[in-house]
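A short write-up of the structure that comes next.
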Amino acid sequence: MYTSGSTGRPKGVVIEHHSLAAYVRWATEAYPSLAGTALLHSSVSFDLTVTSLFGPLISGGRVHVGPLDDADGTTGRPAATFVKATPAHLPLLTVLPRPFSPTGELVVGGEQLVGEVLDQWRTAHPGAAVVNEYGPTEATVGCVVHRVGPDEEITPGALPIGRPIPGAGVRVLDERLRLVPEGVLGELYLTGAGLARGYLGRPGLTAQRFVADPYGAPGARMYRTGDLVRWHRGRLEYAGRVDDQVKVRGFRIELGEIEAVLSGHPRVTHAAVVVREDGPGDRRLVGYAGGECEAAELRAYLAERLPDYMVPPVVVVLPELPLTPNGKVDRRALPAPEPAEAATTSGEPPRTRAERVLCDLFAELLKLPEVGADDGFFDLGGDSIVSIQLVSRARKAGIGISPRDVFTHKTPRELARAARTERAATAEDPAAAIGEIPLTPIVAGMLADGGPHAQFHQSMLMSVPAGLGAARLARALDAVLDHHAVLRSRLTADGQWTVLDRGAVRADACLSRVDVTGLDTAALTAVVERENLAAQHRLSPADGRVLQAVWFDAGPDRPGRLLVLAHHLVVDGVSWRILLPDLHSAWEQAGEAGDGTVTLEPVGTSFRTWATKLRDAAADPRRVETELPLWQQYAQGAEPLAARPLDAAVDTAATGRDLTLSLPTRWTEALLTVVPSVFNAGVNDALLTALALAVADRRGTGGVAVELEGHGREEHIVDGADLSRTVGWFTSLFPVSLTLDGIDIADALAGGPAAGTALKQVKERLRAIPDHGVGYGLLRHLNPATGEELAAQARPEIGLNYLGRFAAGDGDGADGAGRPEDAYWIGEPGGGSEPDMPLAHVIDINAMTEDRPEGPVLVATWTWAAELLPEAEVRRLADGWLAALRALLGHAERPDAGGLTPSDVSLVEVDQDDIDEFESDMEDDWGTAE
């Protein structure tokens with residue numbers, strides 16, 4: 001038999017006679033109407049006709065052969081009792097004379113079946129049963145069915161594909177061929193006697209699609225369908241194709257999910273969604289709808305039901321969609337959008353200059369082709385760190401917003417309304433940045449922890465153009481050292497921290513060149529690692545050496561590399577997003593001779609000014625009154641993980657061990673977009689919920705105490721502060737105690753409703769913390785009256801730090817463009833150090849999202865005290881964390897997931913029970929809780 005395939009060229013599928021006989025025998029029992037009259041309306045070369053042809057012939061029935069639209073040939077002809085068709089045929093059956101519609105059974109297959117489309121036909125033919133039959137040709141016609149009897153109601157949305165028929169087996173597996181729990185999306189694999197032998201004359205494709213069955217007997221095979229499904233109440237639900245996963249705005253989505261929603265519109269007879277590239281590089285998501293409706297109405301309909309990134313910016317309405325000879329949508333024949341249609345943007349177009357500027361900044365920072373005025377920053381994949389870049393660039397454009405505004409208002413339109421008119425940014429008096437710096441909470445904490453810290457650093461590596469130029473690079477580095485005062489600081493052994501005058505630190509003292517001409521990738525990597533370690537050893541805050549740069553010169557014709565390494569004292573994750581672009585800008589302005597004038601954007605508030613004013617914030621009586629009881633509660637430890645506390649002499653970087661895990665793109669994209677959209681929650685909320693579930697699963701009960709890292713740039717706690725262009729170590733550390741009250745852990749780990757409840761609990765716990773936790777460090781390290789009391793509390797044994805999104809390592813992939821956004825971490829993102837530096841936690845988790853060619857990937861490094869915990873125990877906990885994270889994300893993709901929490905409706909006093917009751921009432925009355 002032949003299958004149409006995805007390329008338009010039929011593939012021959014080699015099926016054994018016994019498989020076909022078994023299917024036909026089952027069909028005659030399952031479809032009694034085959035004993036009447038079956039309509040055969042398509043080519044016998046395709047498997048759609050097997051049921052209609054052979055079923056009646058072995059049942060004593062009749063086969064009527066003819067086209068589906070031969071309305072003139074119905075006179076005197078008995079009505080069909082059995083018809084097998086594709087969903088695309090349903091609109092035609094609705095308008096054709098009655099003999100074309102079966103009186104007994106309508107079997108539909110080949111594409112996703114949507115209740116709204118089927119209901120139009122069912123209204124006119126209430127006496128017929130409807131069967132949704134799923135089965136690729138490779139599994140002999142059909143293998144999974146869902147039957148809707150004449151008296152059963154057809155529910156809106158996509159119909160299940162059902163349960164396997166006798167003799168057929170199904171497995172729903174993840175990327176690592178592991179069985180997934182109910183509700184979690186996975187790829188469908190088929191087993192059983194109905195499997196074909198393979199493809200005719202195509203051994204390579206046969207080996208690719210027919211694979212070994214890890215759950216079957218030796219030699220057993222299974223067919224990889226490429227279809228995404230999930231179990232729901234014992235039935236399989238179809239959710240699209242693996243190869244329908246397309247990149248849209250940097251995230252992967254399932255075209256089938258969009259098609260299902262679009263088909264649900266009452267005036268759409270059939271729908272298709274494709275990615276078009278009608279011009280070079282112009283890849284767009286385009287929706288096609290057959291029926292009588294308006295494109296704008298359909299986009300609004302989709303926008304109410306889908307996350308923004310899944311709404312096609314263009315919807316084309318046609319009287320009917322083109323079909324292939326076997327009744328499927330002919331996607332190659334779908335027309336290109338007209339210019340007027342193509343001009344439609346995602347979301348509402350901007351109406352003012354401020355909205356346009358903000359839309360452009362959203363798109364630039366999040367690497368999207370375009371952004372509408374009503375698109376949410378975090379729904380599109382933004383995070384708190386990128387929001388600081390947004391604030392900086394908006395202020396440069398004269399739009400005064402703050403990071404808090406971005407969290408509150410989210411969209412370009414709302415931000416434009418809340419924005420202040422910003423005068424051209426001006427720097428402080430240069431003298432304000434120079435002199436003694438009061439210790440900030442994070443630096444005071446580092447000194448209090450003891451041990452060596454001279455080499456505590458972060459480092460980034462970036463591609464640079466061939467012939468970078470020593471003089472030009474030195475001029476650029478001098479400009480950056482003069483501009484960002486903290487890079488000229490010195491921290492002595494007695495805790496005296498001082499910023500030196502401009503010119504006190506020059507490039508020739510911290511810049512070196514290494515010749516790597518002719519080295520291959522492996523050799524270059526080895527040299528970079530060696531020089532990174534050497535640069536680390538050159539650091540000495542006591543001597544004012546807090547920054548090192550190493551240029552790996554590959555010659556005049558080949559791009560090189562630039563390593564920039566800085567003591568953690570003067571940089572954090574946000575600082576790199578300021579420092580590297582400034583270095584790039586300075587290099588461009590310096591010119592080939594290295595003698596050009598360099599002017600960098602001014603710094604609003606110097607690090608020294610910020611550090612000075614934190615003392616006042618720490619002494620604020622209102623902060624002490626409101627926050628001290630909170631931190632006393634949150635700092636209480638949970639059940640210990642280890643048998644003893646950390647010992648600074650034993651549990652050091654030298655005795656610590658590392659384990660790195662990654663979350664595949666398919667799940668990371670859900671973490672970055674689905675969770676914010678469905679739960680109005682952030683990445684940290686999901687990471688912490690998964691950690692709490694993993695620990696609870698390990699212990700069986702109790703909560704977990706975690707020390708979280710935040711970016712610490714809470715400008716509003718210091719009047720008039722502008723930190724969007726300030727380099728320094730602003731990180732905040734604060735404890736949080738997480739308990740999962742009343743949560744069914746097993747259900748949550750299976751992706752059930754308890755997963756959503758757990759996420760909401762953790763989210764509300766974090767939202768109750770004022771100022772994203774910056775107050776803890778103020779009271780712990782800068783207020784003598786409260787510091788001693790908080791110091792007596794046990795420090796959480798687990799630390800968690802999510803650094804945001806960064807580029808992944810480029811291998812040899814340097815194009816020489818020298819883009820700062822393509823720089824990537826070298827060594828440990830959380831900070832490398834000398835071997836004797838004490839570990840801060842029994843387990844430290846440093847996570848970040850790497851933008852790789854295949855899409856974003858969450859990478860997490862677990863560092864633990866090997867003298868306290870065995871590797872097997874940490875690995876079990878880390879694997880449990882990833883499994884819990886996948887369960888959460890799988891739950892978030894369910895149609896019944898999500899909902900508000902009290903912090904989302906802060907203008908009214910309600911608790912979670914009130915919200916849940918209201919949403920339940922809304923769903924009962926209106927069919928949706930949105």
Side-chain angles (χ1 to χ4, degrees), residues 175-176 455 457-470 473 477 510-539 547-566 576 580 583-584 587 653-654 656-665 668 803 805-835 846-863 871 875 878:
E175 299 92 337
R176 299 170 67 178
Q455 297 174 24
H457 72 283
Q458 292 182 324
S459 53
M460 300 284 282
L461 188 71
M462 62 188 293
S463 166
V464 291
L468 185 66
L473 178 57
L477 190 55
C510 53
L511 175 61
S512 57
R513 172 187 171 275
V514 177
D515 187 354
V516 293
T517 304
L519 295 187
D520 60 18
T521 302
L524 175 60
T525 300
V527 172
V528 170
E529 291 176 353
R530 182 193 70 206
E531 292 299 326
N532 183 57
L533 184 61
Q536 173 185 335
H537 290 316
R538 290 195 294 271
L539 292 177
L547 184 134
Q548 292 288 302
V550 182
W551 171 31
F552 298 95
D553 185 1
D557 302 317
R558 183 181 172 192
R561 302 290 192 278
L562 181 65
L563 171 70
V564 183
L565 182 145
W576 290 110
L580 296 182
L583 184 59
H584 181 263
W587 177 82
R657 296 293 180 267
D658 292 332
L659 171 66
T660 299
L661 306 167
S662 62
L663 188 69
T665 294
T668 301
L803 291 113
R805 294 181 71 167
F806 289 87
D810 66 350
D812 73 347
D815 59 7
R819 291 180 293 265
E821 63 269 21
D822 292 336
Y824 57 94
W825 294 102
I826 292 292
E828 301 175 23
S833 62
E834 47 262 85
N846 282 284
M848 62 186 293
T849 298
E850 291 186 354
D851 285 318
R852 298 180 178 178
E854 69 271 20
V857 173
L858 179 76
V859 178
T861 299
W862 287 54
T863 302
E871 179 177 353
R875 187 174 291 276

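For the pair Arg852/Thr665, no side-chain contact is recorded, criterion being any heavy-atom separation below 4.5 Å from C-beta on. Side-chain atoms of Val857 and Leu663, non-hydrogen and from C-beta on, never get closer than 4.5 Å to each other. Side-chain contact between Pro856 and Glu850 is absent, with no heavy-atom pair separated by less than 4.5 Å. Side-chain contact between Trp587 and Pro465 is present, with heavy atoms from C-beta onward closer than 4.5 Å.
Listed by chain and number, the residues in a side chain to side chain contact (heavy atoms under 4.5 Å, CB included) with Ala554 are Val516, Arg558 (sequence neighbours excluded). Legend: residues meeting side chain to side chain contact (heavy atoms under 4.5 Å, CB included) with Ala878, ordered by chain and number and at least two apart, are Leu659, Leu661, Trp862. Ser512 is linked by a side chain to side chain contact (heavy atoms under 4.5 Å, CB included) to Arg538, Val550, counting only residues two or more places apart in sequence or in another chain. Every residue meeting the side chain to side chain donor-acceptor pair (under 3.5 Å) condition with Gln536, not counting sequence neighbours, appears here in chain and number order: Gln455. Not counting sequence neighbours, the partners of Arg875 by the salt bridge (Lys or Arg N to Asp or Glu O under 4.0 Å) test are Glu871. Residues meeting the side chain to side chain contact (heavy atoms under 4.5 Å, CB included) test with Pro664, sequence neighbours left out: Glu175, Trp667. With sequence neighbours excluded, the residues forming a side chain to side chain donor-acceptor pair (under 3.5 Å) with Thr517 are Asp515, listed by chain and number.
In terms of heavy-atom proximity, Pro556 sits nearest to Ala466 at O-CB, 3.4 Å.
Taking CZ of Phe552 as the start and CG of Leu562 as the end, the distance is 8.5 Å to the nearest 0.5 Å. Rounded to the nearest 0.5 angstrom, Asn846 CG and Thr861 OG1 are separated by 7.0 Å. Taking OG from Ser459 and CG from Leu547, the interatomic distance works out to 11.0 Å, rounded to the nearest 0.5 Å. A distance of 10.0 Å separates NE2 in His457 from CD in Glu834, rounded to the nearest 0.5 Å. Distance check: Trp576 CH2 to Leu803 CG gives 12.5 Å after rounding to the nearest 0.5 Å. Summarising the geometry, atom CG belonging to Leu565 is positioned 11.0 Å from atom SG belonging to Cys510; distances are rounded to the nearest 0.5 Å.
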If you apply the rule side-chain contact (heavy atoms from CB on, under 4.5 Å), what do you find for Val464 with Leu473, and how did you get there? CA-CA 11 Å; Val464 291; Leu473 178 57; over 6 Å; no

Could you walk me through whether Leu580 and Val564 pass the side-chain contact (heavy atoms from CB on, under 4.5 Å) check? CA-CA 9 Å; Leu580 296 182; Val564 183; 4.1 Å; yes

Show your reasoning for whether side-chain contact (heavy atoms from CB on, under 4.5 Å) applies to Trp551 and Val514. CA-CA 6 Å; Trp551 171 31; Val514 177; over 6 Å; no

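In this structure, Thr863 contributes its side chain and Asp658 its backbone to no donor-acceptor pair below 3.5 Å. In this structure a side-chain-to-backbone donor-acceptor pair under 3.5 Å is missing from Thr849 to Leu858.
Pairs of residues two or more places apart, or lying in two chains, never qualify as salt bridge (charged side-chain N to carboxylate O under 4.0 Å, His left out) while including a residue from residues 517-534.
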